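The structure under discussion appears below in the form of structure tokens.
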Amino acid sequence: MPVMTTHVTRSEAAAVTPGADEPTRHLIRYAGDFPELLVDNAEGSWLTTDDGRRILDFTSGQMCATLGHGHPAIAAAMRDASGRVVHLFSGFLSRDVTELARELMALLPEPLARAMFLSTGGEANEAALRLAKLHTGGHEVLAFAGSWHGMTAGASSSTYSAGRRGYGPAMPGTMALPTPNPYRCPIAHCRDRCDLTCLDAGMALTDAQSTGAPAATIVEPILSAGGIVPLPDGYLAELKRRCDEREMLLVVDEAQTALGRVGTLFAFEQHDVVPDVVTLSKTLGGGLPLSATVTTDAIEADTAAKDFLHITSHVSDPLPAAVGRAVVSTVVAEGLGERAIAMGARLREGLEELQRRHEPVGDVRGIGLMVGVDLVTDRDSREPDAAYGSAVTDRCLELGLNVNIVRFKGLGSVLRIAPPLTVTPEEIDLGLEILDRALCDCR
Ligand SMILES: Cc1ncc(COP(=O)(O)O)c(C=O)c1O
């Protein structure tokens, strides 16, 4: 891999072609440069590289491996399903698909009653938005200015945190709502609390722009790419009320938050709201591509009558559904939600202790095992320190800890810490120790 010196410009660096024997020689860089490591195997909270380095994985892969890597229940489900049936004609069903739907509905509140199973989070949101458009007859979709809902066309049109420039027009009718981040109030109104004035302002702007064709509002209950921002108390219930007034559906995207990470099985349960549509993805497959779009009987019946179409090659595939069943039953049987609260409290306590000693740690926030550490140039201005954030994550990796930084423009420079729910207390303590050292080394 080429060594990049600081006087090389970004476009010069990007133009460097790796040597023929470089492992990345024939790969497209889809999110910047690749780190200089190749993972050979993974177990529990640990990755091992092909040259024998061990790395503590506090990103749970891409936030999917909530049971940890190589969980025996997932391995058994894969073995069993691969010996029976992996993939089918998209109109056919298998027992694992019908049972996964039944098992999920037993955990979700009424009137949520119907699911379809796809592969990725983007696809599940795409299906949710198509359902909403067909059901309402509208096409306007609201999403937070700090959102991430996926890379497919509809989902990326409602993704404002990154990736908007350079790809042509977004879907007509997509509009942004201010992200209700009390640490960085989007309308410079509150500090450290949210009185929902940003929701008033956002709704007034969208009403002004609307051509009278509302369809849906799609939100993450804890914005992740937007800087680990849990929705403030009362926000989601009020948003649901505003959606109902406008006859638009509320879609809650639980890609990262479902199935225990925040204590409850679904994050929306902490807000006393039942959305019209819920999407599940990352955590449902535990590392395999599995997602779900869930809605009510009434919306399903209406859209079926209108010939709803959302067929993909892997809709209702049996193998990922079998794995999804194993994930759901393991989360419930092993009480991983309660574990996330206990391990999250230990993590949080340690991070708050680091905050007392490290001036750039401006804020520690999150719920359960989904925690953000907001790094700032100074605690008064709260200016995001992107350079420090990058240096700290790089140093953590050198020291054997994989943490992620979310630092999209205007949204902060936030370490996203989300270990598997099976993480041990010793692993939490080790992660904190490494982070402490990296915070020091990079000052
Ligand atoms: C909240 C949220 N929704 C949707 C997605 C998209 O999921 P996928 O990458 O599986 O399409 C992501 C991915 O990071 C996400 O964080």
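None of the values given here were measured: they were computed from a predicted structure. Atoms within a ligand are numbered from 1 in the order they appear, just like the ligands themselves.
- Within the 3.5 Å criterion, the main-chain N or O of S157 finds a donor-acceptor partner in the side chain of R164.
- A donor-acceptor pair under 3.5 Å is absent between the side-chain atoms of T393 and the main chain of N404, judged by distance alone.
- Counting only heavy atoms of the protein, atom 7 (O) of ligand 1 lies nearest to G121 CA, 3.3 Å.
- Inclusion of Q62 in the set of residues having an N or O under 3.5 Å from an N or O of ligand 1 is not warranted.
- For atom 3 (N) of ligand 1, the nearest protein heavy atom (residue, atom name, distance) is D253 OD2, 2.6 Å.
- Near G150, meaning under 4.0 Å from one of its heavy atoms, ligand 1 places the atoms 6 (C).
- A donor-acceptor pair is defined here as one N or O able to donate and one able to accept, closer than 3.5 Å; such a pair exists between the side chain of S147 and the backbone of Y160.
- Between the side chain of K282 and the backbone N or O of Q62 there is at least one donor-acceptor pair closer than 3.5 Å.
- Looking at E123 next to ligand 1, no N or O pair under 3.5 Å apart turns up.
- Close approach to E220 involves these atoms of ligand 1, each under 4.0 Å from a residue heavy atom: 1 (C).
- In this structure, atom 9 (O) of ligand 1 has its sub-4.0 angstrom surroundings free of protein heavy atoms.
- Among G226, S161, G122, the residue whose heavy atom lies closest to atom 6 (C) of ligand 1 is G122.
- A donor-acceptor pair is defined here as one N or O able to donate and one able to accept, closer than 3.5 Å; such a pair exists between the side chain of K306 and the backbone of L134.
- Checked against a 3.5 angstrom limit, the closest N/O atoms of A255 and ligand 1 fall outside it.
- A side-chain donor-acceptor contact under 3.5 Å links R365 to the backbone of I228.
- Those atoms of ligand 1 that come under 4.0 Å of a heavy atom in T120, given as number and element, are 10 (O), 11 (O).
- Every atom of ligand 1 is numbered from 1 in the order shown, and the set under 4.0 Å from a heavy atom of Q256 is 16 (O).
- With H271 as reference, L236 is the one residue of L239, D233, L236 to meet the side chain to side chain contact (heavy atoms under 4.5 Å, CB included) rule.
- Counting heavy atoms closer than 4.0 Å to ligand 1, residue S224 contributes nothing at all.
- Here the heavy atom of the protein found nearest to atom 1 (C) of ligand 1 is W148 O, 3.3 Å.
- Looking only at distances, a side-chain donor or acceptor of E254 sits under 3.5 Å from a matching main-chain atom of F268.
- The distance from ligand 1 to the heavy atoms of N125 drops below 4.0 Å at these ligand atoms: 3 (N), 4 (C).
- T120 contributes a side-chain N or O that, together with a main-chain N or O of E123, makes up a donor-acceptor pair within less than 3.5 Å.
- Assignment of K282 to the shell around ligand 1 is supported, since a heavy atom sits closer than 4.0 Å.
- The backbone N or O of A237 sits nowhere less than 3.5 Å from a side-chain atom of R241 that would complete a donor-acceptor pair.
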